[in-house]
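Here is the structure we will look at, set down as structure tokens.
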Protein chains: 2
Amino acid sequence: MAATLKDVALAAGVSIKTVSNVINDYEHIRADTKQRVMDAIADLGYSPNLSARSLRSGRTGVIGLAVPELSLSYFAELADSTIKAAERRGLKVLIEQTGGDRSRELEILSSPRLQMTDGLLFSPLGMSNEDADHLNVNFPLVLLGERIFGGPTDHVTMSNVDSARAATEHLISRGRRRIAVVGGHEGEVIGSAGLRLRGYRQALDAAGIPFDPDLVAYTTLWHRANGATSMRELLASGVGFDALFGMNDTLALGAMRVLQEAGLRIPDDVAVIGFDDLDEGRYSLPTLSTIDPGRDEIADTAVRVLQERISGRVGGVPPREFEARFQVIERESSALARSH
Amino acid sequence: MAATLKDVALAAGVSIKTVSNVINDYEHIRADTKQRVMDAIADLGYSPNLSARSLRSGRTGVIGLAVPELSLSYFAELADSTIKAAERRGLKVLIEQTGGDRSRELEILSSPRLQMTDGLLFSPLGMSNEDADHLNVNFPLVLLGERIFGGPTDHVTMSNVDSARAATEHLISRGRRRIAVVGGHEGEVIGSAGLRLRGYRQALDAAGIPFDPDLVAYTTLWHRANGATSMRELLASGVGFDALFGMNDTLALGAMRVLQEAGLRIPDDVAVIGFDDLDEGRYSLPTLSTIDPGRDEIADTAVRVLQERISGRVGGVPPREFEARFQVIERESSALARSH
DNA sequence: CGCCTATCCTACAACGTTGTAGAATCACCA
DNA sequence: TGGTGATTCTACAACGTTGTAGGATAGGCG
């Protein structure tokens with residue numbers, strides 16, 4: 001059906017290797033030979049068989065991206081950035097959804113199913129630091145996210161502690177002292193929740209505000225529903241607060257919804273800041289202050305680093321850690337209150 | 001480095017073909033031979049080289065999904081559903097972003113870059129019905145979306161006209177007669193915007209409500225920003241309305257935001273319904289009534305149909321058209337007003 | 001006992017590409 | 001004139017898998 005090197009070679013009256021050389025821009029080819037080959041390629045509508053090329057070269061030009069779920073906006077936007085970054089480097093992206101499930105994550109690390117890729121960008125959610133050993137795999141792997149630190153692979157992450165601290169400081173600078181949190185993970189030390197909580201506490205400490213555990217609402221997932229539920233619990237508990245730090249925008253939006261149902265004004269009664277800079281927060285009512293975690297930079301760095309590892313250019317280099325730059329984005333939900 | 005059939009064969013003391021047969025569940029293998037081979041496979045940590053398998057079999061087990069952008073929630077959720085549907089059928093998904101750009105879309109149809117896939121699920125945005133010829137490609141292709149009808153390929157679509165009609169009828173059933181629309185595409189006949197507008201007009205006609213062109217706001221993109229801008233224009237124009245049909249949820253949410261800024265109550269002053277059933281609409285304030293377009297059904301059908309074409313089981317069958325079932329989902333934004 | 005079929009296994013070729021080795025031609029210089 | 005090196009091209013093998021053809025053994029039947 002499809003034309004092969006052989007067909008082109010026959011049509012152009014040269015050997016298949018010469019056709020191959022033309023395709024791969026080999027230097028020493030006579031101009032007229034090259035032209036004849038190119039014409040034959042065009043005539044026959046030839047395009048290389050990538051499976052054969054992969055088999056021969058050991059490279060597929062495809063990288064894997066394993067994320068919990070694309071229906072979580074953060075990961076959809078991360079996938080978007082990653083695909084664009086990969087494209088700039090001539091790579092395709094094959095997406096794998098783990099559902100944030102630890103056993104599925106481990107399976108992906110050991111499974112032969114991703115043999116079709118040259119390497120993997122891996123954003124675990126269910127795994128924890130004790131699982132770091134499982135990252136010792138025999139294919140190029142770059143770790144994303146905040147579940148595991150000090151593992152055996154390159155790691156690209158956001159500045160969770162610093163940016164959460166900046167978010168909290170932003171609320172404090174608005175005169176708030178009772179700052180509630182939604183999205184905590186009970187007992188977690190590292191992981192997005194643990195790290196962001198640490199940044200939160202650093203900011204409180206620096207401002208001389210005592211930490212009140214009752215202000216922290218714990219939840220397993222970070223969906224809108226969890227933000228809403230947590231906020232209902234906080235309100236029901238009767239603990240007073242004048243600000244809210246949502247561990248991500250989705251949680252914050254779910255919580256805002258409940259706050260407003262309860263008749264509280266934002267930011268007058270409760271100032272709110274989220275985390276992730278989702279497009280959604282630009283059009284919520286009120287618009288949502290947030291942390292821009294540097295998603296494009298993360299994706300670009302991750303793809304670059306993975307490509308370095310694939311090419312073997314950085315063979316002996318020990319695991320590296322990269323932190324993206326963040327930014328506090330102030331919108332209406334934490335604007336200076338009009339009157340006080 | 002990695003073990004091959006040859007290594008396993010050597011270790012198990014059989015021919016490579018026997019190992020291959022074990023892997024492919026060939027019937028006639030003695031139990032003890034099979035066991036020995038399986039042990040050797042486990043020992044060596046063997047896993048098949050998929051490039052070689054693809055080269056030999058002509059199948060990669062990967063399908064392409066070309067969508068405008070994953071940062072648009074609808075396509076993120078579609079990708080999610082598609083990946084899950086593909087997984088149920090043992091397929092992987094390689095995602096391509098077109099940005100909704102016609103020339104990029106055409107390029108993807110002719111490019112050799114997707115040779116690594118067995119077929120393509122294609123959701124164009126920039127192409128129009130005149131481009132239908134370009135869908136005549138020599139690889140399995142299933143068309144998604146509403147840009148092209150009657151093309152040369154299988155087509156999976158939502159019931160745009162009927163569901164938009166149902167959405168409009170829903171607003172009419174709430175006693176509304178001046179129903180604004182955001183998201184129209186000037187002069188478009190087919191395409192999501194054209195079809196949904198047709199459904200809208202059908203509902204008006206059936207109810208004996210005259211069509212007022214001033215109630216339709218046109219926009220190129222369907223982002224939040226466009227919904228907001230369109231709503232500002234509608235309000236500035238002074239045209240009166242008591243309901244809003246957003247061509248998708250994102251537009252509707254952007255528009256709601258502006259309505260509320262303007263001091264209008266939803267649904268009391270303006271009842272709103274969107275389209276797509278994004279998770280976001282469940283936690284907006286107010287929650288957003290919408291159309292569930294049957295995304296899972298679309299993804300599942302599309303993958304099934306593509307697989308049928310890939311396998312050649314339906315060789316001679318002419319292009320088929322599939323319409324997913326939809327559902328009106330009523331939430332607060334179009335609830336019966338409390339008092340009137 | 002001889003024939004036939006079913007079972008179990010093997011050797012070989014092929015998928016389409018690229019790396020290696022080397023042949024053929026030419027230009028240049030001593 | 002012959003040697004040297006650059007240029008241009010070719011033949012062959014190999015990547016790891018599966019399809020084809022067929023060999024060897026065992027069991028059933030006349």
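To find a chain, count down the sequence lines: A is the first, B the second, and so on, and within it residues start at 1. Fair warning: this is a prediction, and the values are worked out from it, not measured in the lab.
Counting to the nearest Å, the P atom of C/dC8 and the CD atom of B/E27 are 9 Å from each other. Straight-line distance from the CZ atom of B/R56 to the C1' atom of D/dT20: 9 Å, rounded to whole Å. Atom CD1 of B/I23 is separated from atom C1' of D/dT17 by 9 Å (rounded to the nearest Å). Look at CG on B/D25: it is 12 Å from P on D/dT18, rounded to the nearest Å. Atom CG in B/L10 sits about 12 Å away from atom P in C/dA11, given to the nearest Å. Summarising the geometry, the separation between CG on B/L55 and C1' on D/dC15 is reported as 9 Å, rounded to the nearest angstrom. The interatomic distance linking B/N49 (CG) with C/dT17 (C1') rounds to 13 Å, in whole Å. For the pair B/I41 CD1 and D/dT17 C1', the interatomic distance rounds to 13 Å; values are reported in whole Å.
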Run the side chain to side chain donor-acceptor pair (under 3.5 Å) test on B/T157 and B/E323 for me, step by step, so that the C-alpha distance in whole Å, both residues' side-chain angles and the decisive distance to 0.1 Å come before the verdict.
CA-CA 5 Å; B/T157 176; B/E323 264 201 0; 5.6 Å; no

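Pairing each heavy atom of A/L55 with each of B/A52, the nearest pair is CD1-CB, 3.7 Å.
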Expected list for residues 36-43 of chain B: side-chain donor-acceptor pairs under 3.5 angstrom, two or more places apart:
unit_1, atom_1, unit_2, atom_2, d
B/R36, NE, B/A12, O, 3.2
B/D39, OD1, B/Q35, NE2, 3.0

List the atom pairs, donor and acceptor, that lie under 3.5 Å between side-chain atoms in residues 298-305 of chain B and the rest of the protein, sequence neighbours left out.
unit_1, atom_1, unit_2, atom_2, d
B/D300, OD1, B/R88, NH2, 2.8
B/T301, OG1, B/E297, O, 2.7
B/R304, NH1, B/E308, OE2, 3.2

Could you pull out every donor-acceptor pair under 3.5 Å between side chains of residues 2-10 of chain A and any protein atom, sequence neighbours left out?
unit_1, atom_1, unit_2, atom_2, d
A/T4, OG1, A/K6, N, 3.2
A/D7, OD2, A/T4, N, 2.9

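We find the OG1-NZ distance between A/T60 and A/K92 to be 12.0 Å, quoted to the nearest 0.5 Å. Here CG of B/L306 is found 10.0 Å from OG1 of B/T153. Values are rounded to the nearest 0.5 Å.
At a threshold of 4.0 Å, the pair B/E87-A/R104 counts as salt-bridged, since one of the basic side-chain nitrogens sits closer than that to a carboxylate oxygen.
Nearest-nucleotide assignment on DNA chain C puts the 5′-proximal partner with B/S57, out of B/S57 and A/S20.
Applying the side chain to side chain donor-acceptor pair (under 3.5 Å) test to A/D133 and every residue at least two apart in sequence or in another chain returns nothing. Remark: B/T18 engages B/V14, B/S15, B/T33 in a side-chain contact (heavy atoms from CB on, under 4.5 Å) (not counting sequence neighbours). Under the rule for a side chain to side chain donor-acceptor pair (under 3.5 Å), B/S57 has no partner lying at least two apart in sequence or in another chain. Every residue was checked against the salt bridge (Lys or Arg N to Asp or Glu O under 4.0 Å) condition with A/E105, not counting sequence neighbours, and none meets it.
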Pull out every protein N or O sitting under 3.5 Å from an N or O of nucleotides 26-29 of chain C, one pair per line with the distance.
none

Detail all sub-3.5 Å separations between protein N/O atoms and N/O atoms belonging to nucleotides 23-25 of chain D.
none

Protein N or O to nucleotides 9-12 of chain D N or O, pairs below 3.5 Å:
unit_1, atom_1, unit_2, atom_2, d
D/dC9, OP1, A/T33, OG1, 2.2
D/dC9, OP2, A/R30, N, 2.9
D/dT10, OP1, A/S15, N, 3.3
D/dT10, OP2, A/S15, N, 2.8
D/dT10, OP2, A/S15, OG, 2.9
D/dT10, OP2, A/T18, OG1, 2.4

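One end of the helix from C/dC1-D/dG30 to C/dA30-D/dT1 points its axis 60° away from the other end's axis, with each axis taken from 5 pairs and the angle rounded to 10°.
Results of the side chain to side chain donor-acceptor pair (under 3.5 Å) test with A/H155 over A/E321, A/R320, A/E146 single out A/E321 as the only residue that passes.
Residue pairs meeting the ring-ring contact (aromatic ring centres under 6.0 Å, His included) criterion with at least one member in residues 62-86 of chain B: none, sequence neighbours excluded.
In terms of polar N and O atoms assigned as donor or acceptor, the side chain of B/R53 never comes within less than 3.5 Å of the base of D/dT17 in a complementary pairing.
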